[in-house]
Colleague: 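Structure below; questions to follow.
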Amino acid sequence: MMTSLYRITVIGRNTLTEAVRQKVLSVLLIFALVLVGSSVLVSEIAGGLDASSLFEQQIKFVKDFGCGAIGLFGFAIALLSTAQLIPQELHNRTIYTILAKPVRRSEFLLGKFFGIVLLLALCVALMSLAFAAALYWQEQLGLAAVDAADTQIPNWQQNPTLVSQYHNDVAQIYQQVRDPQLIEAILLLFMKLVMTTGIALLISTFASSSIFTIVTTFMIYLIGHMESTAREFWLARGAEMSIWQSGLVGFISLLIPDMNSFTIVDEILAGNHVPWSHALNLLGYANAYLIVLLAVSIIIFDYREL
Amino acid sequence: MTEPYFPIGKLVGIAEIGRMESSAPLFAVETTGLTKRYPLTWKRKVLVALDHLNLQIRSGEVFGLLGPNGSGKSTTLKLLLGLIVPSEGEARVFGLPPDSLDARRRVGFLPENPYFYGFLTGDETLRFYGKLCGVAGAALDRRVEELIELVGLQNGRERPLRSYSKGMLQRIGLAQALIHDPDLLFLDEPTAGVDPLGSAQIRDLILRLKKMGKTVIFSSHLLEQVQEVADRVAIFSLGKKVLEGSLESLLTERQSTQIHIAAELSTEQEAKLRQALGQAGLDSAAIQFQRPQLSLEQLYLRTVQAQSEAAAKGAPKP
């Protein structure tokens, strides 16, 4: 058991090293530039609004943009890195040298999977840092604006109303910027990326090319987003549907993960409270799905002719 | 005879690495009716890549697989490594199923035209494969040192593999195949694309492994080299083994005899010999005198090796 875990770790670390040395992380530089550029831009565009709603708009934009970009860049990294894992191993014949050693196929596959998960964790952590920096910068701009608006009147500190307003404004800025729910949102985004990796890995175990994996995973990803709508329709009008239609919807619901459930990230960004218990439930669902995905991947890969 | 390239003494430490006891069965490799078919669905045909192969290779033998491209050599190696499943028949490696971990602990493999991980250095490559085989710590450090020296990659150990030449890749490939001190080595075209000096070095290494009691099974197109190292060969054609046997039995021409004289004969000496052979009852038409010729490879190796030895001693180049 321990030796098996050790081999998985060795392969996982090698996969991460490969991604880092192939300069996958340099993609994140573009992310940082886009994020900084957009927050500078939004500060200039929103110039016509009054101070508090201006700040609210800016923060909302940076949060939306930051989380959106983490999701998008993460998706690209997860999909592209996973899709070329096995084809590249086959092309370079490295897979033969590894599987000729005392390494099980399941260990090889799990090592590759955890390597990509490590890569995603690293990328999401770095993007979150850039995101936090952009938020911090907006916070400093906000505080400077409050300073400029509330402290212009001479001896304002002796006026309890002004002091209270000042503290109120500052507290509001902190509340909007330092929102602990953002951690929840990022965690959910990360889990969604891991799910994408799981799907891509499953497809790559039988795909003959990276392109097939990329296109199919992308389609499953889209269907996963539309699935809940179809299911609701099915539950509401199940009796009116033909057996084929309801069978198809039921089959898809079972087979394809419900990616739409991750849209609660949007609720968090809209400022609505999403309890941790809900997020944890979702993480539990995703993990259970992942275990199934990995189990099926291992079974298919075990039978694959190399 | 030139000095062998790979220093034999350097392999002594290998046995220290936790190897399995070789209470091995007689045969390192044994196949019965081993067959691999690939259904070509779109053509409604079945491609028989390997057809009922029966093979027995004893421990300690150097066995050459010969045959044109697509004759079933690589399929045989893949089946013996458990990378593909036979459609029929059975293969055993040291009496074990080829895909079992116990079998793989005793097997090393160098694939044809390997690339390996271009982003790893030579040193890191060997460490990676060593860890996969459970070699770690000081034993791994020692092993890496030995193998780097053994395959002569001291200058390349810190360089990423993407900057390696074909010959260097082949050598690091051999080193990774040997990292866990296997009893059996599968080498798929180990000299493909390597210059004559490099392939002579690989040939030397195979001979060295043989002396250590390892079993080596290799495929090659360079027939002269196979002849120099293999104990036995099998020739494949269209998925079938068409000929098998020891080189001696296969290559000896029973209808003729060579006498080797390590000196140049004068015309007078030659005439006397002819006369003597005639007196022994041999037909004079059946007797030929020839000066043996070097093969082009031998000439090349002599020239290049003399050059590099002179350079090593600091002698001026001609």
Side-chain angles (χ1 to χ4, degrees), chain A residues 1-26 81 84-112 114-115 119 205 208 298-306, chain B residues 20 36 38 49 74-75 77-87 93 98-121 124-125 127-136 160-162 169 172-174 176-177 179-180 182 184-186 188:
Chain A
M1 181 67 186
M2 288 311 286
T3 51
S4 190
L5 278 178
Y6 179 68
R7 290 193 289 261
I8 292 173
T9 316
V10 171
I11 294 172
R13 270 176 41 191
N14 190 54
T15 310
L16 179 66
T17 311
E18 174 168 22
V20 172
R21 294 199 185 163
Q22 309 278 33
K23 303 202 170 46
V24 171
L25 295 182
S26 56
S81 326
Q84 49 88 40
L85 275 183
I86 296 176
Q88 194 172 310
E89 287 277 341
L90 283 169
H91 179 258
N92 291 349
R93 298 187 180 88
T94 37
I95 194 166
Y96 300 132
T97 55
I98 292 177
L99 294 180
K101 300 271 187 261
V103 176
R104 292 187 186 90
R105 287 191 181 194
S106 55
E107 293 164 357
F108 173 81
L109 205 63
L110 289 175
K112 287 281 165 193
F114 287 118
L119 170 71
T205 52
S208 49
I298 287 170
I299 293 169
I300 297 175
F301 193 59
D302 250 352
Y303 284 98
R304 180 165 178 174
E305 302 261 288
L306 295 172
Chain B
M20 287 185 60
K36 184 65 191 173
Y38 291 102
S74 291
T75 307
L77 290 182
K78 280 185 177 181
L79 284 164
L80 292 175
L81 284 160
L83 293 171
I84 50 176
V85 188
S87 314
V93 173
D99 59 347
S100 69
L101 292 195
D102 282 342
R104 300 230 195 106
R105 282 194 187 97
R106 303 183 65 180
V107 166
F109 175 50
L110 170 69
E112 187 182 355
N113 296 325
Y115 288 96
F116 300 109
Y117 293 110
F119 61 93
L120 292 181
T121 64
E124 288 169 333
T125 302
R127 286 179 188 283
F128 170 67
Y129 285 104
K131 285 177 188 167
L132 287 182
C133 298
V135 189
L161 263 55
R162 73 169 74 89
L169 277 176
I172 199 76
L174 266 169
Q176 68 78 28
I179 192 84
H180 54 309
L184 168 62
L185 271 161
F186 292 115
D188 197 358

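Here the structure is a predicted model, which means the values were calculated and not measured. Chain A is the first sequence line, chain B the second, and so forth, proteins listed ahead of strands; every chain is numbered from 1.
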Colleague: With a 4.5 angstrom heavy-atom cut-off, which part of A/Glu89 approaches chain B: side chain, backbone, both or neither?
Modeller: side chain
Colleague: Between A/His91, A/Lys101, A/Arg105, who has the most heavy-atom pairs with chain B when the cutoff is under 4.5 Å?
Modeller: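 Of the options given, most contacts go to A/Lys101.
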Colleague: Is A/Tyr6 in contact with chain B via its backbone, its side chain, both, or neither, using a 4.5 Å heavy-atom distance?
Modeller: side chain
Colleague: Heavy-atom cut-off 4.5 Å, strictly under: side chain, backbone, both or neither for A/Arg304 against chain B?
Modeller: backbone
Colleague: Could you check whether any side-chain heavy atom of A/Leu306 comes within less than 4.5 Å of a side-chain heavy atom of B/Lys78, counting everything from C-beta outward?
Modeller: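 Heavy-atom side-chain distance check fails, nothing below 4.5 Å.
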Colleague: Between B/Phe119 and A/Asn14, is there a side-chain heavy-atom distance shorter than 4.5 Å?
Modeller: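 The answer is yes, as the side chains (C-beta and beyond) meet within the 4.5 Å cut-off.
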Colleague: Report the option among A/Leu99, A/Val103, A/Thr97, A/Thr17 that has the most heavy-atom pairs separated by less than 4.5 Å from atoms of chain B.
Modeller: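 Among A/Leu99, A/Val103, A/Thr97, A/Thr17, the one with the most close pairs to chain B is A/Thr97.
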Colleague: Between B/Tyr38, B/Phe116, B/Phe128, B/Phe109, which shows the greatest number of heavy-atom pairs under 4.5 Å with chain A?
Modeller: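 If we count pairs closer than 4.5 Å to chain A, B/Phe128 comes out on top.
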Colleague: B/Leu81, B/Leu110, B/Asp99, B/Val85: which one forms the most heavy-atom pairs within less than 4.5 Å of chain A?
Modeller: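 It is B/Val85.
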Colleague: Quick one: what part of B/Arg127 sits under 4.5 Å from any heavy atom of chain A, side chain, backbone, both or neither?
Modeller: neither
Colleague: Which atom names give the shortest non-hydrogen contact between B/Glu112 and A/Arg93, and what distance separates them?
Modeller: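 Where B/Glu112 meets A/Arg93 most closely, the heavy atoms are O-CD, 3.0 Å.
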Colleague: Give, for atom CZ of B/Arg162 and atom CZ of A/Arg21, the distance between the pair rounded to the nearest 0.5 Å.
Modeller: 8.5 Å
Colleague: Checking A/Gln22 against chain B: side chain, backbone, both or neither under 4.5 Å from a heavy atom?
Modeller: side chain
Colleague: Would you mind checking which part of B/Phe186 comes under 4.5 Å of any heavy atom in chain A, side chain (CB onward), backbone (N, CA, C, O), both or neither?
Modeller: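 Nothing of B/Phe186, per the 4.5 Å heavy-atom cut-off to chain A.
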Colleague: Taking all atoms of both residues into account, what is the closest heavy-atom pair of B/Leu132 and A/Arg7, and its distance?
Modeller: O-CD, 3.4 Å
